[in-house]
There are 2 protein chains.
Amino acid sequence: MGGTDQVQGDRRSPAAANGGDTRDRNAVINLDHGDPTMYESFWRNLGDECTFVIKGYESLSYFSNPKNPCWFLEPSLEESIKSLHGAVGNAVTDGYSIVVGTGSSQLFQAVLYALTSHDQRNQINVVSAAPYYSSYAEITDLVRSELYKWAGDAHEFDKDEPYIELVTSPNNPSGVIRGAVVNHDGGILVHDLAYYWPQYTPITSSLEFDIMLFTASKCTGHAGSRIGWALVKDKDVAKKMTKFLEVSTIGVSKESQLRVAKILQVVADRCKRFGSPQGHNFFEFGKSLLAKRWEILRETVKKAQMFTLPKYPLQHCNYTGDVTQAHPAFAWIKCKEGIKDCEKLLRNHKILTRGGRKFGSDPGFARVSMIGREEEFKMFIERLSVIQMFNNGDGNENRNLD
Amino acid sequence: MGGTDQVQGDRRSPAAANGGDTRDRNAVINLDHGDPTMYESFWRNLGDECTFVIKGYESLSYFSNPKNPCWFLEPSLEESIKSLHGAVGNAVTDGYSIVVGTGSSQLFQAVLYALTSHDQRNQINVVSAAPYYSSYAEITDLVRSELYKWAGDAHEFDKDEPYIELVTSPNNPSGVIRGAVVNHDGGILVHDLAYYWPQYTPITSSLEFDIMLFTASKCTGHAGSRIGWALVKDKDVAKKMTKFLEVSTIGVSKESQLRVAKILQVVADRCKRFGSPQGHNFFEFGKSLLAKRWEILRETVKKAQMFTLPKYPLQHCNYTGDVTQAHPAFAWIKCKEGIKDCEKLLRNHKILTRGGRKFGSDPGFARVSMIGREEEFKMFIERLSVIQMFNNGDGNENRNLD
């Protein structure tokens, strides 16, 4: 899921939520959320091609397409989604129903509703392999549904009961490509593919799982639009998901759908020009910037040997035609041994991140957003260098640790 | 709640959802939903004043206003909401927190979450006086929460248990002004004021209840935008509502918020010119069109004495300065005695409405939308005349009734 990055607790209060004023050298930098503001510069350079205009009398109705079982899905968004997946080659859309949601968080809830029944006796277990996206548990148990419950790390799930396994690939927070881990009878898989786009990871095949979730937030960076979509093989599941969205919010913002439709179509049309001198290919921009950031981060981390970063295999990307490694949206940083709380260490240097425990993992890890604004990333690297300098000195840094 | 009008079951399937092709004299007319397309002509006449433009690089971030506890609320929407309530005089905003939602349906769920606790032993009862808005029950019990449950008609609630009472005023479906009916200790009131606007009912005071829900869908007719707002007296309740919206959809579409902000501001600015020759006052347009439709409907109904309609008292409207009666968004039609199923009777004449049973009431009633397009309303009146003609003849109409 893309929209994973909720304001949780006072420390991550909105006052520090948006990166603060990075002109202030002492400002708190917030890399806790995966706010995809990195992409602003690309869209700014594109000029008016993606400007969206809607007149006062347009889209008043609740309805978008009475002929579609998902009656609130704008036809132009449906077309753009198909067009983009076709151009990128990351997911099959033929034979799938498309369900639009207010971000993929809402679609996840729609899936839980669709895969359970008011007639069932016991709650269905919802699991995901640790480290798992930190909001899955909170979303699942938000109103304590009698239909489903969060059952934690999929690696530890050994009950002989029905379950739903969320497979996040590439994974949030760790960036690795994953498959199902439980593999019992009676399990249903939901694939959260928010980050399966060429800027983050090599596209190795066009996926065709039963239920696949995507979001504009992490695809094009338009998080404020709150548009997610599900590709769903079973028509009845798609219908039941639609029912959930109908009851919970009577559909999805038309303005957002129409704007995102336009943006996805521009991205799809430009996909055909990868590597061409005229540039302006969205994924080329994203991949190039993330590759540069990852290179800088790896160099900084290497110097002092205070942190470690995951390594990603070289793979052939069907989209770019290159052999390349992943450049995930988050750095899943591990502190060296002896430092118990990575999040706290970074917080002491005014870098807000999300600690490993929230992902069902070890607090020696922290997740750091790599998709914020350039100034924030630069300040992050500067401060990381300072932490490492201290550490290479008298080791006083450890005074601040649990 | 404004967004009450969900596609339920196959009969109301999307194929017949949008009024169909009203050029076909045999077309099904769908007056089941309260799709506010009546307002299209007003907004069309306004020209470009309400055209909304957003560039490709704008509003990428999840965040709108880090200084506001409701961090995803666009400041311009907050301003417009205050400005409009001030201009109309229907609700107090000073001292209230504003929480924005994906329609008021989502805000209702946020309220249920905010007023209950994960620590409580038993589910809180949710009640509303019949006839109540048909979706309250479905929304409340959507995922079978352990926190709350639908407990039906407030008139029949006599348990000595905590409860939440929804007070819908003017009421959907019946259009009458209502107050709380339970009045036990331990009850909390939620006021759904979707229709408390001058086109529907005289504005007799500026309300200041603890929790008040509004929606753009029924205020300006922009149902497709999915924008609702809550005025909340208790800051902690507003915070907990915000938390619900954060977890369930990570906020609300920025495009919709910004567009609705513009539209509400235009309406507010024009409020000052009520009755002026230059026209273009939104509420004047709405009230005048609804008054005309109600007059035609009352005349048609009167001729044959086959149906009855509610009567509304004459009251002084502080907004218009006139003494006037209500012209509700729905006609709550009652068949004369002997006809048991009003919805079925009308359906046999290809008029889709919503039967009384769905509102916790008698099937002799049906709710008919008065806010659809002009062609639909005209066809409705024509068909109603035909039903009455038949009835005044040999009474064969009853063959089709339960």
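Naming convention: chains lettered A, B, ... in sequence-line order (proteins, then strands); numbering from 1 in each chain.
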Heavy-atom pair count under 4.5 Å with chain B, highest-scoring of A:G101, A:G251, A:P36, A:A223: A:A223
Would the distance check show the side chain of B:R226 and the main-chain N or O of A:I250 forming a donor-acceptor pair, the cut-off being under 3.5 Å? yes
Sidechain-backbone polar pair: A:H222 side chain, B:G56 backbone, donor-acceptor under 3.5 Å: yes
Mark yes when over 12 heavy atoms from residues, nucleotides or ligands other than B:K149 sit less than 6.0 Å from its NZ; otherwise mark no. yes
Please classify the contact of [X] with chain A as side chain, backbone, both or neither, using a heavy-atom distance under 4.5 Å.
| X | answer |
| --- | --- |
| B:L46 | neither |
| B:D141 | backbone |
| B:Q123 | side chain |

ring-ring contact (aromatic ring centres under 6.0 Å, His included) with B:F42: which residues, sequence neighbours excluded? B:F282, B:F285
Sorted by chain and residue number, the ring-ring contact (aromatic ring centres under 6.0 Å, His included) partners of B:F52 (sequence neighbours excluded) come out as none
Heavy-atom contact with chain B under 4.5 Å, split by part of [X]:
| X | result |
| --- | --- |
| A:F72 | neither |
| A:E40 | both |
| A:R259 | side chain |
| A:V252 | backbone |

Measuring only between side-chain heavy atoms, which start at C-beta, is [X] closer than 4.5 Å to [Y]?
| X | Y | result |
| --- | --- | --- |
| B:C50 | A:K55 | no |
| B:Y57 | A:S41 | no |
| B:V143 | A:V143 | yes |
| B:S248 | A:Q106 | no |
| B:T249 | A:S105 | no |
| B:T51 | A:I54 | no |

Kindly determine whether A:S225 and B:K254 satisfy side chain to side chain contact (heavy atoms under 4.5 Å, CB included), including the steps that lead there. CA-CA 6 Å; A:S225 306; B:K254 302 271 174 286; over 6 Å; no
I need the minimum non-hydrogen distance between A:Q120 and B:R144, along with the two atoms involved. O-NH1, 4.3 Å
Tell me the closest heavy-atom pair linking A:L60 and B:T220, and the distance in Å. CD2-O, 4.4 Å
Just give me the residue among B:A216, B:S253, B:G47, B:G103 that pairs up with chain A most often, heavy atom to heavy atom, under 4.5 Å. B:S253
By the definition ring pair (Phe, Tyr, Trp, His ring centres under 6.0 Å), identify the one residue from B:F63, B:W71, B:Y62 that meets it with A:H33. B:F63
Measuring from atom CD of B:E246 to atom CD1 of A:I139, what distance do you get when rounded to the nearest 0.5 angstrom? 10.5 Å
Is a salt bridge present between A:E138 and B:K243, judged by a nitrogen-to-oxygen distance below 4.0 Å? yes
